[in-house]
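One structure is given here, and the rest of the page talks about it.
In what follows, residues are counted from 1 in the order of the sequence shown. From a predicted model like this one, the values you see are computed outputs, not experimental measurements.
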Amino acid sequence: MNINHQKVFMTVNPAETRKKALLFIEEKLFGEWDLRFGEPVTIMAGSRSVPVFVQPFPSSEPTLKLSYDMNQFLSLPFFSDAISVSFHPEKRTIEIGPFFAALTNQVPLQDGTFGEMEKFYQEMASYCNQQGIPFYLLKLQSLQEGIVEGFFAGQNGWQSLTLPTPDVLYNRIHSRKLEASQTFEVFKMELAERSIPMFNGRFLSKYDVHELLNLEYELLPSLPDTILFGEKETFLRFIEKHTIIYFKPASGSQGKNICKLTQVSGKWKIESSGNKKELHFADTEEQLFDILKRFSRKQAFILQQGISLFETDQRKVDFRILLHQNDQFQWRVSSMVARIGEQGAIVSNLAQGGVMKNGSDFLKEVFNYPDAGRLYQKLIRLAKNTARAMVEHHDESFGELGIDVALDNDTHPWIIEVNSKPSKKFRGNYETFRPSVKSIIDFMLTLNREKH
């Protein structure tokens, strides 16, 4: 399909009472698109379109001049920079955009920002802007009207505006409860009806991920033995096999509410991720079961074989590998960090007092040069194979995954967790944009291209 695609400036005529919709197009662009004076074409943005008659006009730069009513109907915000526009000659259609959005359940704080997500969203908007792509934050809502309520980054911070429906959507909803709601299901159906791709469509359950990865023969040696906590007989069989066990919420995050269970002299020692000093003991397996039953409060928990994690100075270490799909739908590593837990802590999460180092640098500090390189490749390969398995066996589309892997004391690699909403807290300095921002927008461009 021959599409004339370029960045143009958009201006709006003041409110006027014309009986027919006229679209003025800068004369050089008018010629490039091979348009005729007064010809009827369709201009569209998101799900809405307007029939118009085109006329050339002189201007020093490529410009479209819309009528006030046309701009209102298409719900276009004010664009201070040039915007990407495509002309489809066969359909005689001018398409504004694509429009990219991140789905959020957040609203701006009192200072007008989105808290710890602010820097990330600003980078997204800024990188999109360079490509001529309007970017905004979308609230969960009905798409029936063909327009949406969202937050657009303007000169004075985020403005709440009516906007065109997005062409591609990246899910950053922070609430598992909201994702499990009927409203969210209806929203997904409406996206499907309009052929709007959304990726990273939901949070992942630790148990579901384990069952899914269990289907991949090559991953089995790196999967810790895991069961869903519930049946007493299953529980008793599991704790017979393992002397160290982690008890985790199936839908938890940030290392919260995790217990480490260790068999010591016929008893079970219970340590909590929230409080290093707090210790409990269970004299029997039955007592341990009752304690965990009370602790779980009907929430889904898993029991996972404890791995003797590699430690440095009595600090547990694991690695967060951030991966993104490229334009060939292949997984590429955007970053790898070593997370070094607080001394004596049972987890290495940053939210629980851990610190972060560049993953490759950390390996070089701790191992000799050839071993560091070999272990780096081993961890990267495991993360990529895990990401591939997620795409192959899961019905969701993923453009980004945060995969936690670890080495044990024998430097054997293990899969600890797979995260579909990796943290976006700003750490470190990026002169322009962090690698994940570019990767996400490039993936959105790929999904948009696949639609046409």
Side-chain angles (χ1 to χ4, degrees), residues 84 97-105 117 119-131 133-138 140 150 165-174 176 179 184 187-188 191-192 194-205 208-209 212-213 253 320-337 380 382-405 415 417-425 430 433-452:
S84 179
F99 290 81
F100 290 170
L103 182 66
T104 180
N105 59 317
M117 292 294 289
K119 182 87 177 86
F120 174 69
Y121 287 148
Q122 286 290 355
E123 284 180 47
M124 292 272 286
S126 209
Y127 186 62
C128 277
N129 198 35
Q130 282 189 9
Q131 321 283 311
I133 299 167
F135 171 83
Y136 58 91
L137 303 177
L138 177 67
L140 188 61
T165 53
D167 292 281
V168 183
L169 198 51
Y170 165 49
N171 178 18
R172 282 304 303 194
I173 279 185
H174 283 68
R176 289 175 186 267
E179 278 189 354
F184 189 71
F187 180 76
K188 285 175 77 171
L191 287 176
R194 288 160 179 74
S195 302
I196 299 171
M198 177 172 72
F199 62 100
N200 287 49
R202 65 175 62 244
F203 278 102
L204 299 171
S205 148
D208 291 347
V209 167
L212 184 148
L213 297 180
S253 63
R320 163 63 62 89
I321 300 178
L322 189 60
L323 300 105
H324 292 91
Q325 285 208 67
N326 65 9
D327 58 357
Q328 303 299 310
F329 294 97
Q330 292 171 326
W331 287 99
R332 292 286 176 262
V333 173
S334 298
S335 65
M336 171 177 164
V337 297
I380 293 294
L382 179 60
K384 283 185 176 179
N385 288 341
T386 303
R388 276 198 288 271
M390 290 298 299
V391 168
E392 199 169 316
H393 299 295
H394 207 290
D395 55 2
E396 287 291 346
S397 163
F398 297 107
E400 166 182 66
L401 288 170
I403 298 182
D404 296 345
V405 292
I415 301 161
E417 196 171 324
V418 179
N419 193 333
S420 62
K421 308 276 180 82
S423 166
K424 295 300 174 189
K425 281 183 186 172
Y430 300 101
F433 307 100
R434 69 190 84 181
S436 66
V437 166
K438 292 183 178 182
S439 299
I440 291 164
I441 301 303
D442 291 348
F443 185 64
M444 293 175 100
L445 283 164
T446 300
L447 292 180
N448 187 61
R449 186 193 67 216
E450 292 289 310
K451 282 170 36 175
H452 292 291

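- A heavy-atom distance below 4.5 Å is not found between the side chains of W331 and N385.
- Smallest separation of non-hydrogen atoms from F99 and T165: CB-O, 4.2 Å.
- Here R194 pairs with S47, L143, Q144, E190, I196 under the side chain to side chain contact (heavy atoms under 4.5 Å, CB included) rule; sequence neighbours left out.
- Scanning for side chain to side chain contact (heavy atoms under 4.5 Å, CB included) contacts around N129 gives D81, with sequence neighbours left out.
- Every residue meeting the ring pair (Phe, Tyr, Trp, His ring centres under 6.0 Å) condition with F398, not counting sequence neighbours, appears here in chain and number order: H394.
- With values rounded to the nearest 0.5 angstrom, R434 atom CZ is found 9.0 Å from I440 atom CD1.
- With N171 contributing its side chain and N200 its backbone, the two residues share a donor-acceptor pair below 3.5 Å.
- Residues N105 and L140 fail the side-chain proximity criterion, which asks for heavy atoms closer than 4.5 Å.
- For A101 against L138, the heavy-atom pair with the smallest separation is CB-CB, 4.2 Å.
- Remark: A383 engages I321, L323, I403 in a side chain to side chain contact (heavy atoms under 4.5 Å, CB included) (not counting sequence neighbours).
- Between K438 atom NZ and Q131 atom CD the span is 9.5 Å, to the nearest 0.5 Å.
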Next on the checklist: Go through it in stages, so that I can follow the logic: the residues are V418 and L212, the test is side-chain contact (heavy atoms from CB on, under 4.5 Å), and I'd like the CA-CA distance, side-chain angles, deciding distance and then a yes or no.
Outcome noted: CA-CA 11 Å; V418 179; L212 184 148; over 6 Å; no

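- Using a 4.5 Å cut-off on side-chain heavy atoms (C-beta onward), F329 and E450 make contact.
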Checklist entry - When you look at Q325 and R332, which way does the side-chain contact (heavy atoms from CB on, under 4.5 Å) test go after all the steps? => result CA-CA 6 Å; Q325 285 208 67; R332 292 286 176 262; over 6 Å; no

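- When side chains are defined from C-beta on, S126 does not count as touching F135, because their heavy atoms never get closer than 4.5 Å.
- Residues that satisfy the ring pair (Phe, Tyr, Trp, His ring centres under 6.0 Å) test with Y121, not counting sequence neighbours, are F114.
- In this structure S84 satisfies the side-chain hydrogen bond (donor to acceptor under 3.5 Å, both in side chains) test together with H5, sequence neighbours excluded.
- Heavy atoms only, all atoms of each residue included: K424 and M117 are closest at CB-SD, 3.7 Å.
- Shortest non-hydrogen contact noted between G399 and F443 is CA-CE2, 3.4 Å.
- The ring pair (Phe, Tyr, Trp, His ring centres under 6.0 Å) search around F187 returns none, not counting sequence neighbours.
- For the salt bridge (charged side-chain N to carboxylate O under 4.0 Å, His left out) test, residues two or more places apart in sequence or in another chain that qualify with E179 are K421.
- Closest approach of F120 and S436 over heavy atoms only: CE1-OG, 4.3 Å.
- In this view, Y170 and F199 satisfy the ring pair (Phe, Tyr, Trp, His ring centres under 6.0 Å) rule, not counting sequence neighbours.
- With sequence neighbours excluded, the residues satisfying side chain to side chain contact (heavy atoms under 4.5 Å, CB included) with S334 are H324, P435, S439.
- Partners of R172 under the salt bridge (charged side-chain N to carboxylate O under 4.0 Å, His left out) rule, at least two apart in sequence or in another chain, are E400.
- In this structure the side chain of M444 reaches within 4.5 angstrom of the side chain of I441, judged on heavy atoms.
- Here the shortest heavy-atom pairing between L103 and L169 reads N-CD1, 3.9 Å.
- Counting heavy atoms from C-beta outward, T386 and L401 have side chains that stay 4.5 Å or more apart.
- With sequence neighbours excluded, the residues satisfying side-chain hydrogen bond (donor to acceptor under 3.5 Å, both in side chains) with E396 are K188, R202.
- Inter-residue side-chain proximity for M390 and L213 is flagged as met; some heavy-atom pair is nearer than 4.5 Å.
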Checklist entry - For F100 and L445, what are the C-alpha separation, side-chain angles and deciding distance, and is it a side-chain contact (heavy atoms from CB on, under 4.5 Å)? => result CA-CA 9 Å; F100 290 170; L445 283 164; 4.0 Å; yes

